[in-house]
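Remember, it's 1-based here, ligands and their atoms both numbered in the order they're listed. Reckoned from all heavy atoms, side chains included, excluding hydrogens, waters and symmetry mates.
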Amino acid sequence: MSKVLVLNTGSSSIRYQLFEMDDRTVLASGLLERIGEDGSRLTQTIGGAEPLVVDGRITDHQEGFDRVFRALRSSGGLPGGLAGIGHRVVHGGERFSAPARIDDEVIAAIRAQVPLAPLHNPSNLLGIEISRAAFPAAPQVAVFDTAFHRTMPPRAYRYALPRDLAHRLHIRRYGFHGTSHAHVSRKAAEHLGRPLAEVNLVTMHLGNGASVAAVAGGRCIDTSMGFTPLEGLVMGTRSGDLDPAIVLFLHREARLSLDEIDTLLNTESGMRGLTGVNDMRQVERRAADGDRVAQEALDVYCYRIRKYVGAYAAALGRLDALVFTAGVGENSVVVRAGVCRGLERFGIRVDDARNRLRSRESRTVSTGDSTVAVLVVPTDEELEIAEQTLATVGRP
Ligand code: ADP
(Lines give C-alpha, C1' and ligand atoms only; values in the text may rest on other atoms or scores of the structure.)
Protein backbone atom coordinates (compact mmCIF):
# COMPACT_ATOMS: atom_id res chain seq x y z
CA MET A 1 0.00 0.00 0.00
CA SER A 2 1.86 3.06 -1.14
CA LYS A 3 -0.73 5.49 -2.36
CA VAL A 4 -0.47 9.02 -1.04
CA LEU A 5 -3.19 11.64 -1.42
CA VAL A 6 -1.99 15.26 -1.45
CA LEU A 7 -4.51 17.95 -0.51
CA ASN A 8 -4.17 21.69 -0.92
CA THR A 9 -7.22 23.29 0.64
CA GLY A 10 -7.74 26.97 -0.16
CA SER A 11 -10.45 29.35 0.98
CA SER A 12 -12.61 28.59 -2.07
CA SER A 13 -10.81 25.67 -3.72
CA ILE A 14 -9.53 22.15 -3.15
CA ARG A 15 -6.62 20.87 -5.23
CA TYR A 16 -5.65 17.22 -4.98
CA GLN A 17 -3.38 14.61 -6.45
CA LEU A 18 -3.29 10.91 -5.77
CA PHE A 19 0.15 9.35 -6.21
CA GLU A 20 1.29 5.76 -6.54
CA MET A 21 4.60 6.13 -4.73
CA ASP A 22 6.04 2.83 -5.98
CA ASP A 23 6.74 4.51 -9.29
CA ARG A 24 5.87 8.16 -8.47
CA THR A 25 2.96 8.22 -10.94
CA VAL A 26 -0.10 10.43 -10.64
CA LEU A 27 -3.19 8.22 -10.51
CA ALA A 28 -5.66 11.09 -10.38
CA SER A 29 -5.60 14.82 -9.99
CA GLY A 30 -8.34 17.34 -9.55
CA LEU A 31 -9.43 20.84 -8.73
CA LEU A 32 -12.66 21.95 -7.14
CA GLU A 33 -13.13 25.68 -7.65
CA ARG A 34 -15.55 28.35 -6.50
CA ILE A 35 -16.73 26.69 -3.30
CA GLY A 36 -19.57 28.73 -1.85
CA GLU A 37 -20.13 30.61 -5.12
CA ASP A 38 -22.39 30.02 -8.08
CA GLY A 39 -20.84 27.80 -10.69
CA SER A 40 -18.68 25.58 -8.48
CA ARG A 41 -16.76 23.18 -10.69
CA LEU A 42 -14.89 19.97 -10.04
CA THR A 43 -12.46 18.85 -12.71
CA GLN A 44 -10.73 15.51 -12.22
CA THR A 45 -8.25 13.86 -14.55
CA ILE A 46 -7.23 10.23 -14.43
CA GLY A 47 -4.28 9.19 -16.50
CA GLY A 48 -4.56 10.61 -19.98
CA ALA A 49 -8.37 10.32 -20.01
CA GLU A 50 -10.72 13.20 -20.74
CA PRO A 51 -11.30 15.18 -17.57
CA LEU A 52 -14.45 14.53 -15.60
CA VAL A 53 -16.24 17.83 -15.04
CA VAL A 54 -18.99 18.29 -12.47
CA ASP A 55 -20.78 21.63 -12.20
CA GLY A 56 -23.23 22.82 -9.60
CA ARG A 57 -23.23 24.89 -6.48
CA ILE A 58 -21.14 23.45 -3.67
CA THR A 59 -21.91 25.36 -0.53
CA ASP A 60 -18.99 24.59 1.78
CA HIS A 61 -15.76 22.62 2.21
CA GLN A 62 -17.52 19.62 3.78
CA GLU A 63 -19.74 19.22 0.75
CA GLY A 64 -16.71 19.91 -1.46
CA PHE A 65 -14.66 17.15 0.11
CA ASP A 66 -17.62 14.73 -0.03
CA ARG A 67 -17.74 15.41 -3.76
CA VAL A 68 -13.97 15.05 -4.18
CA PHE A 69 -13.80 11.77 -2.24
CA ARG A 70 -16.79 10.44 -4.19
CA ALA A 71 -15.09 11.30 -7.47
CA LEU A 72 -11.89 9.59 -6.33
CA ARG A 73 -13.76 6.49 -5.15
CA SER A 74 -15.85 6.21 -8.30
CA SER A 75 -12.67 6.40 -10.33
CA GLY A 76 -11.39 3.36 -8.47
CA GLY A 77 -8.62 5.58 -7.15
CA LEU A 78 -8.91 4.66 -3.50
CA PRO A 79 -9.00 0.87 -3.21
CA GLY A 80 -6.96 -0.71 -0.46
CA GLY A 81 -6.52 2.41 1.61
CA LEU A 82 -3.88 5.08 1.72
CA ALA A 83 -0.33 5.06 3.04
CA GLY A 84 -0.87 8.67 3.98
CA ILE A 85 -2.56 11.97 3.28
CA GLY A 86 -0.29 14.99 2.89
CA HIS A 87 -1.68 18.46 3.51
CA ARG A 88 -0.10 21.63 2.27
CA VAL A 89 -0.07 24.08 5.18
CA VAL A 90 1.07 27.60 4.43
CA HIS A 91 2.38 28.73 7.80
CA GLY A 92 4.23 26.65 10.34
CA GLY A 93 5.49 29.71 12.25
CA GLU A 94 8.48 29.23 14.52
CA ARG A 95 7.20 25.85 15.62
CA PHE A 96 7.62 23.67 12.53
CA SER A 97 10.92 23.06 10.80
CA ALA A 98 9.87 19.74 9.27
CA PRO A 99 6.66 17.97 8.19
CA ALA A 100 4.55 16.84 11.14
CA ARG A 101 2.38 13.81 11.62
CA ILE A 102 -1.00 15.23 12.51
CA ASP A 103 -2.55 14.73 15.93
CA ASP A 104 -4.61 17.01 18.16
CA GLU A 105 -1.53 18.80 19.44
CA VAL A 106 -0.24 19.51 15.92
CA ILE A 107 -3.67 20.82 14.92
CA ALA A 108 -3.62 23.18 17.91
CA ALA A 109 -0.14 24.35 16.92
CA ILE A 110 -1.26 25.03 13.33
CA ARG A 111 -4.24 26.92 14.72
CA ALA A 112 -1.87 29.00 16.83
CA GLN A 113 -0.26 30.27 13.60
CA VAL A 114 -3.56 31.61 12.21
CA PRO A 115 -2.75 35.24 13.09
CA LEU A 116 0.34 34.93 10.88
CA ALA A 117 -1.59 33.50 7.92
CA PRO A 118 -5.24 34.47 8.42
CA LEU A 119 -6.15 33.82 4.78
CA HIS A 120 -4.55 30.39 4.50
CA ASN A 121 -4.14 28.39 7.69
CA PRO A 122 -7.89 28.28 8.52
CA SER A 123 -8.77 26.58 5.22
CA ASN A 124 -5.73 24.29 5.49
CA LEU A 125 -7.08 23.26 8.92
CA LEU A 126 -10.54 22.63 7.52
CA GLY A 127 -9.04 20.25 4.97
CA ILE A 128 -7.15 18.42 7.71
CA GLU A 129 -10.18 18.03 9.94
CA ILE A 130 -12.55 16.88 7.22
CA SER A 131 -10.13 14.32 5.79
CA ARG A 132 -9.24 13.03 9.25
CA ALA A 133 -12.91 12.28 9.81
CA ALA A 134 -13.28 10.74 6.34
CA PHE A 135 -10.15 8.55 6.56
CA PRO A 136 -9.59 7.79 10.25
CA ALA A 137 -7.21 4.94 9.45
CA ALA A 138 -4.92 6.94 7.17
CA PRO A 139 -1.95 8.75 8.72
CA GLN A 140 -2.10 12.48 7.97
CA VAL A 141 0.89 14.74 7.57
CA ALA A 142 1.19 18.53 7.45
CA VAL A 143 3.86 19.87 5.07
CA PHE A 144 4.62 23.54 5.64
CA ASP A 145 5.57 26.21 3.08
CA THR A 146 7.76 27.85 5.71
CA ALA A 147 9.58 24.78 7.10
CA PHE A 148 12.48 24.67 4.64
CA HIS A 149 13.46 28.20 5.63
CA ARG A 150 13.69 27.48 9.37
CA THR A 151 17.45 26.88 8.96
CA MET A 152 17.99 30.60 8.29
CA PRO A 153 20.35 32.12 10.84
CA PRO A 154 19.20 35.08 12.97
CA ARG A 155 21.20 37.52 10.88
CA ALA A 156 18.97 36.60 7.93
CA TYR A 157 15.62 36.31 9.66
CA ARG A 158 15.71 39.25 12.07
CA TYR A 159 14.25 42.61 11.19
CA ALA A 160 15.91 45.56 12.89
CA LEU A 161 12.87 46.30 15.04
CA PRO A 162 12.75 46.66 18.81
CA ARG A 163 13.58 43.19 20.02
CA ASP A 164 10.83 42.79 22.60
CA LEU A 165 8.11 43.94 20.24
CA ALA A 166 9.27 41.64 17.43
CA HIS A 167 9.54 38.75 19.87
CA ARG A 168 6.09 39.31 21.37
CA LEU A 169 4.37 39.51 17.99
CA HIS A 170 6.55 36.86 16.28
CA ILE A 171 7.67 39.39 13.67
CA ARG A 172 10.58 37.88 11.75
CA ARG A 173 11.29 36.61 8.28
CA TYR A 174 9.71 33.20 7.65
CA GLY A 175 9.92 32.70 3.88
CA PHE A 176 7.47 30.74 1.72
CA HIS A 177 7.52 28.38 -1.31
CA GLY A 178 9.76 26.19 0.85
CA THR A 179 8.43 22.95 -0.61
CA SER A 180 9.36 24.11 -4.10
CA HIS A 181 12.82 25.40 -3.11
CA ALA A 182 13.50 22.08 -1.35
CA HIS A 183 12.32 20.07 -4.33
CA VAL A 184 14.35 21.90 -6.97
CA SER A 185 17.44 21.97 -4.73
CA ARG A 186 17.39 18.19 -4.56
CA LYS A 187 16.68 17.85 -8.28
CA ALA A 188 19.40 20.34 -9.17
CA ALA A 189 22.01 18.39 -7.20
CA GLU A 190 20.85 15.18 -8.94
CA HIS A 191 21.15 16.90 -12.31
CA LEU A 192 24.65 18.12 -11.47
CA GLY A 193 25.56 14.61 -10.32
CA ARG A 194 26.79 15.90 -6.97
CA PRO A 195 25.68 15.30 -3.38
CA LEU A 196 23.23 17.97 -2.23
CA ALA A 197 25.37 18.51 0.88
CA GLU A 198 28.20 19.76 -1.34
CA VAL A 199 26.46 22.26 -3.59
CA ASN A 200 25.60 25.92 -3.07
CA LEU A 201 22.55 27.07 -5.01
CA VAL A 202 20.44 30.12 -5.63
CA THR A 203 16.96 28.82 -6.41
CA MET A 204 14.44 31.13 -8.08
CA HIS A 205 10.76 30.19 -7.89
CA LEU A 206 9.19 32.55 -10.42
CA GLY A 207 5.45 31.93 -10.69
CA ASN A 208 2.62 34.31 -9.93
CA GLY A 209 4.20 34.60 -6.54
CA ALA A 210 7.99 34.64 -6.71
CA SER A 211 10.89 34.13 -4.35
CA VAL A 212 14.62 33.44 -4.32
CA ALA A 213 16.46 31.25 -1.82
CA ALA A 214 20.13 30.84 -0.98
CA VAL A 215 20.68 27.14 -0.29
CA ALA A 216 24.01 25.95 1.15
CA GLY A 217 24.43 22.19 1.12
CA GLY A 218 20.66 21.64 1.07
CA ARG A 219 19.98 24.09 3.90
CA CYS A 220 18.29 27.43 3.30
CA ILE A 221 20.35 30.33 4.64
CA ASP A 222 18.26 33.19 3.26
CA THR A 223 15.14 33.82 1.20
CA SER A 224 13.44 36.84 -0.28
CA MET A 225 9.91 36.47 1.11
CA GLY A 226 9.73 37.56 4.71
CA PHE A 227 7.10 37.94 7.40
CA THR A 228 4.56 37.57 4.60
CA PRO A 229 4.81 36.62 0.92
CA LEU A 230 4.78 40.33 0.02
CA GLU A 231 8.50 40.94 0.49
CA GLY A 232 11.20 40.45 -2.12
CA LEU A 233 10.80 40.09 -5.87
CA VAL A 234 8.42 41.89 -8.19
CA MET A 235 5.57 39.38 -8.63
CA GLY A 236 2.47 39.01 -10.80
CA THR A 237 0.39 41.28 -8.59
CA ARG A 238 2.58 41.93 -5.51
CA SER A 239 5.02 44.81 -5.22
CA GLY A 240 7.83 42.98 -3.45
CA ASP A 241 10.40 45.17 -1.67
CA LEU A 242 9.30 48.73 -0.94
CA ASP A 243 10.37 51.52 1.33
CA PRO A 244 8.02 50.84 4.27
CA ALA A 245 7.43 54.59 4.53
CA ILE A 246 5.43 54.35 1.28
CA VAL A 247 2.73 52.55 3.27
CA LEU A 248 2.56 55.46 5.69
CA PHE A 249 2.59 57.96 2.85
CA LEU A 250 -0.28 56.21 1.07
CA HIS A 251 -2.26 56.30 4.27
CA ARG A 252 -1.53 59.91 5.19
CA GLU A 253 -1.35 61.57 1.80
CA ALA A 254 -3.57 59.46 -0.46
CA ARG A 255 -5.96 58.72 2.43
CA LEU A 256 -6.04 55.03 1.64
CA SER A 257 -7.25 52.79 4.45
CA LEU A 258 -5.07 49.93 5.68
CA ASP A 259 -7.31 47.43 3.89
CA GLU A 260 -7.03 49.42 0.68
CA ILE A 261 -3.24 49.50 0.96
CA ASP A 262 -3.23 45.76 1.65
CA THR A 263 -5.23 45.15 -1.54
CA LEU A 264 -3.10 47.59 -3.53
CA LEU A 265 0.21 45.99 -2.58
CA ASN A 266 -0.95 42.37 -2.87
CA THR A 267 -3.28 42.40 -5.86
CA GLU A 268 -2.81 45.60 -7.88
CA SER A 269 0.95 46.00 -7.90
CA GLY A 270 3.83 43.98 -9.34
CA MET A 271 3.64 43.37 -13.10
CA ARG A 272 -0.07 44.20 -13.04
CA GLY A 273 0.66 47.56 -11.46
CA LEU A 274 3.49 48.31 -13.87
CA THR A 275 1.76 47.17 -17.08
CA GLY A 276 -1.93 46.49 -16.43
CA VAL A 277 -1.50 42.72 -16.89
CA ASN A 278 0.05 40.11 -14.60
CA ASP A 279 0.57 37.30 -17.10
CA MET A 280 4.23 37.31 -18.08
CA ARG A 281 3.46 35.97 -21.56
CA GLN A 282 1.39 39.06 -22.31
CA VAL A 283 4.06 41.38 -20.91
CA GLU A 284 6.68 39.70 -23.10
CA ARG A 285 4.48 39.89 -26.19
CA ARG A 286 3.92 43.60 -25.67
CA ALA A 287 7.61 44.23 -25.11
CA ALA A 288 8.45 42.30 -28.29
CA ASP A 289 5.97 44.53 -30.15
CA GLY A 290 7.92 47.58 -29.01
CA ASP A 291 5.82 48.63 -26.00
CA ARG A 292 8.24 50.67 -23.85
CA VAL A 293 6.16 50.34 -20.67
CA ALA A 294 6.22 46.54 -20.92
CA GLN A 295 9.95 46.54 -21.67
CA GLU A 296 10.67 48.71 -18.65
CA ALA A 297 8.55 46.44 -16.44
CA LEU A 298 10.54 43.42 -17.64
CA ASP A 299 13.74 45.30 -16.82
CA VAL A 300 12.48 46.09 -13.32
CA TYR A 301 11.45 42.44 -12.84
CA CYS A 302 14.78 40.98 -13.99
CA TYR A 303 16.93 43.60 -12.27
CA ARG A 304 15.30 42.88 -8.90
CA ILE A 305 16.08 39.18 -9.31
CA ARG A 306 19.65 39.94 -10.43
CA LYS A 307 20.24 42.01 -7.29
CA TYR A 308 19.13 39.08 -5.16
CA VAL A 309 21.41 36.73 -7.09
CA GLY A 310 24.33 39.03 -6.27
CA ALA A 311 23.31 39.34 -2.64
CA TYR A 312 22.88 35.60 -2.21
CA ALA A 313 26.15 34.79 -4.00
CA ALA A 314 27.79 37.01 -1.36
CA ALA A 315 25.78 35.33 1.43
CA LEU A 316 26.82 31.86 0.20
CA GLY A 317 30.47 32.76 -0.45
CA ARG A 318 30.63 30.21 -3.27
CA LEU A 319 27.97 29.61 -5.89
CA ASP A 320 27.70 26.40 -7.92
CA ALA A 321 24.40 26.86 -9.72
CA LEU A 322 21.48 29.17 -10.38
CA VAL A 323 18.18 27.32 -10.61
CA PHE A 324 15.12 28.67 -12.43
CA THR A 325 11.72 27.14 -11.69
CA ALA A 326 7.89 27.65 -11.76
CA GLY A 327 5.79 29.12 -14.58
CA VAL A 328 8.06 32.02 -15.52
CA GLY A 329 11.36 30.41 -14.52
CA GLU A 330 10.69 27.22 -16.46
CA ASN A 331 9.29 28.89 -19.56
CA SER A 332 10.59 32.39 -20.05
CA VAL A 333 13.67 32.56 -22.26
CA VAL A 334 13.57 36.36 -21.95
CA VAL A 335 13.54 36.42 -18.15
CA ARG A 336 16.35 33.87 -17.79
CA ALA A 337 18.50 35.84 -20.21
CA GLY A 338 17.53 39.14 -18.58
CA VAL A 339 18.38 37.97 -15.06
CA CYS A 340 21.82 36.69 -16.07
CA ARG A 341 22.68 39.64 -18.33
CA GLY A 342 25.88 41.37 -17.21
CA LEU A 343 26.86 38.58 -14.81
CA GLU A 344 29.43 37.03 -17.20
CA ARG A 345 32.34 38.45 -15.20
CA PHE A 346 30.99 36.56 -12.18
CA GLY A 347 31.19 33.29 -14.11
CA ILE A 348 27.51 33.17 -15.09
CA ARG A 349 27.14 32.63 -18.85
CA VAL A 350 23.90 31.63 -20.51
CA ASP A 351 24.08 29.76 -23.81
CA ASP A 352 21.54 31.35 -26.10
CA ALA A 353 20.66 28.17 -28.02
CA ARG A 354 20.35 26.04 -24.86
CA ASN A 355 18.25 28.72 -23.22
CA ARG A 356 15.81 28.62 -26.16
CA LEU A 357 15.39 24.87 -26.10
CA ARG A 358 11.93 23.83 -24.82
CA SER A 359 11.72 20.83 -22.55
CA ARG A 360 9.88 19.57 -19.47
CA GLU A 361 13.05 18.00 -18.08
CA SER A 362 15.77 19.45 -15.86
CA ARG A 363 18.41 21.00 -18.09
CA THR A 364 21.54 23.12 -18.19
CA VAL A 365 21.25 26.40 -20.09
CA SER A 366 24.72 27.78 -19.33
CA THR A 367 27.76 27.54 -21.60
CA GLY A 368 30.47 24.92 -21.12
CA ASP A 369 32.85 27.56 -19.70
CA SER A 370 30.32 29.06 -17.25
CA THR A 371 31.81 28.47 -13.79
CA VAL A 372 28.32 28.72 -12.30
CA ALA A 373 25.84 26.29 -13.88
CA VAL A 374 22.53 27.85 -14.88
CA LEU A 375 19.75 25.26 -14.64
CA VAL A 376 16.06 25.02 -15.39
CA VAL A 377 14.45 22.53 -13.02
CA PRO A 378 10.68 21.95 -13.17
CA THR A 379 9.10 22.15 -9.75
CA ASP A 380 6.51 19.69 -8.46
CA GLU A 381 5.21 20.78 -5.09
CA GLU A 382 2.57 18.04 -4.94
CA LEU A 383 5.10 15.27 -5.53
CA GLU A 384 7.40 16.86 -2.94
CA ILE A 385 4.54 16.88 -0.40
CA ALA A 386 3.83 13.22 -1.24
CA GLU A 387 7.53 12.32 -0.77
CA GLN A 388 7.70 14.15 2.55
CA THR A 389 4.43 12.57 3.67
CA LEU A 390 5.70 9.08 2.93
CA ALA A 391 9.00 9.79 4.68
CA THR A 392 7.19 11.17 7.75
CA VAL A 393 4.76 8.25 7.94
CA GLY A 394 7.67 5.84 7.67
CA ARG A 395 9.45 7.42 10.64
CA PRO A 396 8.85 5.85 14.04
P1 ADP B 1 1.47 29.90 -9.54
O2 ADP B 1 2.36 30.75 -8.71
O3 ADP B 1 0.08 30.40 -9.63
O4 ADP B 1 1.60 28.42 -9.27
P5 ADP B 1 2.87 29.34 -12.03
O6 ADP B 1 4.10 28.77 -11.43
O7 ADP B 1 1.98 28.46 -12.82
O8 ADP B 1 2.01 30.15 -11.00
O9 ADP B 1 3.32 30.57 -12.96
C10 ADP B 1 2.40 31.41 -13.56
C11 ADP B 1 3.15 32.43 -14.41
O12 ADP B 1 3.96 31.74 -15.37
C13 ADP B 1 2.26 33.38 -15.17
O14 ADP B 1 2.65 34.71 -14.96
C15 ADP B 1 2.51 32.99 -16.62
O16 ADP B 1 2.44 34.10 -17.44
C17 ADP B 1 3.92 32.47 -16.57
N18 ADP B 1 4.22 31.66 -17.75
C19 ADP B 1 3.69 30.47 -18.10
N20 ADP B 1 4.18 30.09 -19.32
C21 ADP B 1 5.02 31.05 -19.74
C22 ADP B 1 5.81 31.27 -20.91
N23 ADP B 1 5.82 30.38 -21.90
N24 ADP B 1 6.54 32.39 -20.98
C25 ADP B 1 6.53 33.30 -19.99
N26 ADP B 1 5.80 33.17 -18.86
C27 ADP B 1 5.05 32.07 -18.74
Side-chain angles (χ1 to χ4, degrees), residues 6-17 29-31 33 43 88 90 117 119-120 123-124 143 145-146 175-184 187 203-213 223-225 228-240 266-289 291 294-295 297-302 304-305 323-340 350 354-363 365 376-385:
V6 172
L7 295 174
N8 181 351
T9 313
S11 56
S12 66
S13 69
I14 301 166
R15 259 175 219 284
Y16 59 98
Q17 280 196 26
S29 64
L31 169 63
E33 296 171 282
T43 313
R88 176 186 182 221
V90 167
L119 299 180
H120 294 105
S123 33
N124 300 159
V143 179
D145 267 18
T146 49
F176 298 87
H177 291 146
T179 310
S180 178
H181 289 291
H183 182 77
V184 299
K187 290 281 170 194
T203 53
M204 292 165 277
H205 178 107
L206 311 177
N208 260 320
S211 65
V212 195
T223 190
S224 60
M225 284 179 167
T228 73
L230 186 55
E231 192 178 347
L233 301 182
V234 177
M235 311 184 207
T237 62
R238 296 188 197 122
S239 64
N266 278 296
T267 67
E268 293 162 13
S269 298
M271 295 310 268
R272 174 176 289 163
L274 290 170
T275 68
V277 293
N278 64 302
D279 190 313
M280 191 56 93
R281 284 166 290 204
Q282 270 176 280
V283 179
E284 287 184 14
R285 226 171 286 133
R286 287 188 190 175
D289 289 343
D291 180 337
Q295 185 55 56
L298 268 175
D299 287 347
V300 172
Y301 183 91
C302 293
R304 179 80 54 88
I305 301 171
V323 184
F324 285 94
T325 195
V328 177
E330 289 168 33
N331 295 299
S332 175
V333 177
V334 171
V335 166
R336 290 193 298 259
V339 168
C340 297
V350 171
R354 286 183 183 171
N355 190 28
R356 282 175 195 287
L357 218 66
R358 297 213 146 271
S359 159
R360 297 185 68 80
E361 304 292 316
S362 294
R363 57 199 185 273
V365 298
V376 179
V377 177
T379 193
D380 191 337
E381 287 162 281
E382 287 76 16
L383 177 60
E384 184 65 32
I385 291 173

Undergrad: When you look for protein heavy atoms under 4.0 Å from ligand 1, which residues do they belong to?
TA: Gly207, Asn208, Gly209, Asn278, Asp279, Met280, Arg281, Glu284, Ala326, Gly327, Val328, Asn331, Ser332, Arg358

Undergrad: When you measure from the side chain of Arg336 to the backbone N and O of Glu330, does any donor-acceptor pair fall under 3.5 Å?
TA: yes

Undergrad: Taking the side chain as C-beta and beyond, is there a heavy-atom pair between Val339 and Phe324 under 4.5 Å?
TA: yes

Undergrad: Looking at Arg15, I'd like to know if its CZ atom is crowded, meaning that more than 12 non-hydrogen atoms belonging to other residues, nucleotides or ligands lie closer than 6.0 Å.
TA: no

Undergrad: Give the C-alpha distance, both sets of side-chain angles, the deciding distance and a yes or no for side-chain hydrogen bond (donor to acceptor under 3.5 Å, both in side chains) between His181 and Ser211.
TA: CA-CA 9 Å; His181 289 291; Ser211 65; 2.8 Å; yes

Undergrad: Working to the nearest 0.5 angstrom, can you tell me the gap between Asn266 CG and Ser239 OG?
TA: 7.5 Å

Undergrad: So do Arg363 and Arg354 actually touch side chain to side chain, heavy atoms under 4.5 Å?
TA: no

